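We use all heavy atoms of the structure for the numbers below, so side chains are in, but hydrogens, waters and symmetry mates are not. Remember, predicted model here, so these are calculated numbers, not experimental data. In each ligand, atom 1 is the first atom listed, and ligand 1 is the first ligand listed. Counting begins at 1 with the first residue of the sequence.
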Amino acid sequence: MVRYPEPTPDGSCLETLPLSKPYSILRTTMTMQAVALPAFRDNYLWCLVHEGRALVVDPGDAAVVEQWLKEQQLHLSYLLITHHHADHIGGLGELLERHQPVVYGPDEGIAGIQHILRGGEALSLDGFGHVDVLAIPGHTRAHIAYYLPEPALLFCGDTLFSAGCGRLFEGTPAQMYQSLQSLAALPDETRVCCSHEYTEANLHFAAVVEPDNRSRQARSEEVALLRAAGKPSLPVLLGQERRYNPFLRCAVPAVIQQASQEAGQALGAGLATFTALRAWKDRF
Ligand code: ZN
Ligand code: FE
């Protein structure tokens with residue numbers, strides 16, 4: 001039986017265990033753990049484990065999930081999908097056929113989803129408790145997030161990243177801005193489980209937007225150490241993100257000023273600044 005590390009006071013509690021891969025396990029409650037399974041180049045397939053049962057968010061690669069299930073001798077109970085991109089659903093069909101999990105996901109024409117969610121639903125998942133579903137369109141048309149208030153975990157797919165946010169493929173800046181605002185309204189202690197390890201690149205951009213931001217500097221140092229040790233930079237506390245993620249700081253004078261300078265016109269706080277920042281990041 002694997003022993004899980006005690007949580008640290010800041011709740012980060014990431015430690016490498018002697019498994020075939022250096023997985024980082026987060027103990028979320030006395031009996032529930034979360035693990036970020038690395039996949040492809042920079043994806044994380046998030047897995048919650050409770051008493052031998054697994055819940056996987058965005059199973060992009062079936063083989064990665066299979067290996068973890070086998071190694072830990074877990075039964076796959078649930079699959080939660082955030083949006084339709086291949087790196088998030090690629091393993092769905094195979095896992096569904098082999099393990100018959102219950103599958104939840106958005107209304108984006110994804111094969112294999114048994115329960116379509118649009119946001120606003122409250123799920124009760126056996127062994128994993130209460131899950132709130134949030135509509136967060138922008139990256140895709142019907143992107144959703146899953147928030148577990150009890151272990152304070154947020155699975156937000158490709159919408160909120162550490163120090164950044166997702167690209168606008170199907171939605172408008174206004175939708176994405178609203179989506180980020182609704183995520184930012186969750187409690188400070190929420191641990192944000194993003195689907196990609198984009199943190200370092202995002203921090204480079206954040207450094208240009210807010211060169212003097214001390215919290216950003218501290219986060220850059222922290223992430224450099226984590227990545228050098230082969231550990232994920234995630235999850236990250238939402239309260240921490242609000243202090244340096246430029247996309248959550250569109251009402252901060254320094255951010256507005258920098259975005260205005262780049263855009264060549266005086267921008268208003270909020271949506272106008274967000275729109276300019278997102279466009280700037282696209283060409284950064
Ligand atoms: Zn995506
Ligand atoms: Fe993705």
With Thr140 as partner, the option from His83, Glu108, His84, Glu170 fulfilling side-chain hydrogen bond (donor to acceptor under 3.5 Å, both in side chains) is Glu108
The residue among Leu123, Ile144, Ile81 that forms side-chain contact (heavy atoms from CB on, under 4.5 Å) with Tyr104 is Leu123
Pair Phe284-His204, ring-ring contact (aromatic ring centres under 6.0 Å, His included): steps then yes or no | CA-CA 10 Å; Phe284 184 72; His204 290 311; 8.1 Å; no
The NE2(His196)-the Fe ion (ligand 2)-OD2(Asp87) angle, to 10°, is 80°
Assess Asp87: does it contribute an N, O or S atom lying under 2.8 Å from the Zn ion (ligand 1)? no
side-chain hydrogen bond (donor to acceptor under 3.5 Å, both in side chains) test vs Glu210 passes for just one of Gln257, Gln258, Arg249, Gln217, namely Arg249
Among the N/O/S atoms of Asp158, the Fe ion (ligand 2) lies closest to OD2
task = Evaluate the ring planes of Phe247 and Phe274, with Trp represented by its six-membered ring, and classify them as parallel (under 30°), tilted (30 to 60°) or perpendicular (over 60°).
result = perpendicular
For NE2 in His83 and ND1 in His85, the angle at the Zn ion (ligand 1) (nearest 10°) is 90°
Pair Asp87-His196, side-chain donor/acceptor within less than 3.5 Å
yes
(Q) When you measure from the Fe ion (ligand 2) to the N, O or S atoms of His88, does any of those distances fall below 2.8 Å? (A) yes
Looking at the Zn ion (ligand 1), is there an N, O or S atom belonging to His139 that lies under 2.8 Å away from it? yes
To the Zn ion (ligand 1), the closest N, O or S atom belonging to Asp158 is OD2
